[in-house]
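Data first, discussion second: the structure below is written as structure tokens.
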Amino acid sequence: MSEYQRSRTMTAPPEAVFDRASDLDRLDSWLPRDLHVRAEDPPAVTVHEDGSGRDERALFRAQRDQLRLEWGTRDDSRYAGWLQVAGISDQASEVTVHLSFFDEEHAPSGDEVDHALEKSLERLAEQVRV
């Protein structure tokens, strides 16, 4: 199993960060560029990966009362992740993303994951900046 975690401070209220991060219609704007999420019957979603051309059945849950997102593959237990927003002040938040790959054979390299996490958090921060 491989696990990765990255955090970033954002200059926006925690609720605004969560609302943007959890908006299924706008996930593509901050996720890694080669991933595209299509809502089906939430929590069911389909994730398309450009690199492989594959569609993956997945789950996506937003828990607003906890400012937490959780996701993972539906048909197997290859992949899961979560995003947690924590308030630092009225105008600042810390966002933590955690990814778990349970199938080492099909997991991306650590460098790829680190880069994707960094860029995704950077795009989300730009979108919510006050």
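What you see is a predicted model; the values in this text were computed from it and never measured. Just the heavy atoms: all of them, side chains too, but no hydrogens, waters or symmetry mates, feed the values below.
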Q. Does the side chain of E104 come within less than 4.5 Å of S2's, by heavy atoms?
A. yes

**Q.** Side-chain (E112) to main-chain (S109) donor-acceptor, under 3.5 angstrom
**A.** yes

Q) Any idea which heavy atoms bring R74 and A58 closest together, and the distance? A) NE-O, 3.0 Å

Q: Please step through side chain to side chain contact (heavy atoms under 4.5 Å, CB included) for the pair W71 and L99, ending with a clear verdict.
A: CA-CA 9 Å; W71 59 84; L99 302 177; 3.8 Å; yes

Q: Provide the closest heavy-atom pair for D90 versus P14 in the form atom of the first, atom of the second, distance.
A: O-CD, 4.5 Å

(Q) Within the 4.5 Å heavy-atom criterion, are L27 and F60 side-chain neighbours or not? (A) yes

Q) Under 4.0 Å between a Lys/Arg side-chain N and an Asp/Glu carboxylate O for R129 and E126? A) no

Q: Output, in order, the C-alpha distance, side-chain angles, deciding distance and verdict of side chain to side chain contact (heavy atoms under 4.5 Å, CB included) for H36 and D50.
A: CA-CA 8 Å; H36 309 282; D50 291 342; 2.9 Å; yes

Q. Using a distance-only test with no angle check, is there a side-chain donor-acceptor pair under 3.5 angstrom linking T11 and Q91?
A. no

Q. Which distance, rounded to the nearest 0.5 Å, do you find between the CG of L83 and the CG of L67?
A. 10.0 Å

(Q) Just so I know, are the side chains of L121 and V95 near enough to count as touching, which here means a heavy-atom distance under 4.5 Å? (A) yes

**Q.** Residue list, ring pair (Phe, Tyr, Trp, His ring centres under 6.0 Å) with W82, at least two apart or on another chain
**A.** H98

Q. Does one side chain, of Q84 or T96, offer a donor that lies under 3.5 Å from an acceptor on the other?
A. no

**Q.** CD on Q127 to CD on E122, rounded to 0.5 Å
**A.** 11.0 Å

Q.
Looking at every non-hydrogen atom in both residues, tell me the closest pair between A62 and L69 and how far apart they are.
A. CB-CD2, 3.6 Å

Q. With the 4.5 Å side-chain cut-off for hydrophobic clustering, are L117 and F102 part of the same group?
A. no

Q: Return yes if some donor-acceptor pair links the side-chain N/O of R123 with the main-chain N/O of L31 below 3.5 Å, else return no.
A: yes

Q.
Do R20 and S29 have side chains that approach each other closer than 4.5 Å (heavy atoms only, starting at C-beta)?
A. yes

Q: Could you grab the distance from atom OG of S120 to atom CZ of R8, nearest 0.5 Å is fine?
A: 11.0 Å

Q: Just do the side-chain hydrogen bond (donor to acceptor under 3.5 Å, both in side chains) check on E94 and T9 with the steps written out, would you?
A: CA-CA 4 Å; E94 182 176 56; T9 300; 4.7 Å; no

Q: Report the distance from atom OG of S22 to atom CD of E15, rounding to the nearest 0.5 Å.
A: 11.5 Å

**Q.** salt_bridge(R6, E118) N-O dist < 4.0 Å
**A.** yes

Q.
Please find the pair of heavy atoms, one from V37 and one from D28, that lie closest to each other, and give the distance.
A. N-OD1, 3.0 Å

Q) Same hydrophobic cluster for L24 and V47, using side-chain heavy-atom links shorter than 4.5 Å among ILVMFWY? A) yes

Q) E56 versus R78: any side-chain heavy-atom pair under 4.5 Å? A) yes

Q. Which pair of non-hydrogen atoms, one from Y4 and one from D114, has the smallest distance, and what is that distance?
A. CD2-OD1, 3.8 Å

Q.
Once you measure the plane-to-plane angle for F101 and Y79, does it fall in the parallel (<30°), tilted (30-60°) or perpendicular (>60°) bin?
A. tilted

Q) Applying salt bridge (charged side-chain N to carboxylate O under 4.0 Å, His left out), which residue pairs with at least one partner in residues 61-71 are found, sequence neighbours left out? A) D19-R64, R68-E70

Q. About how many Å separate CG of L124 and CZ of R26, when rounded to the nearest 0.5 Å?
A. 11.0 Å

Q: Write down the atom of V17, the atom of A12, and the distance for their closest heavy-atom approach.
A: CG2-CB, 3.8 Å

Q: Look up atom CD in Q5 and atom OG in S100, then write down how far apart they are to the nearest 0.5 Å.
A: 9.0 Å

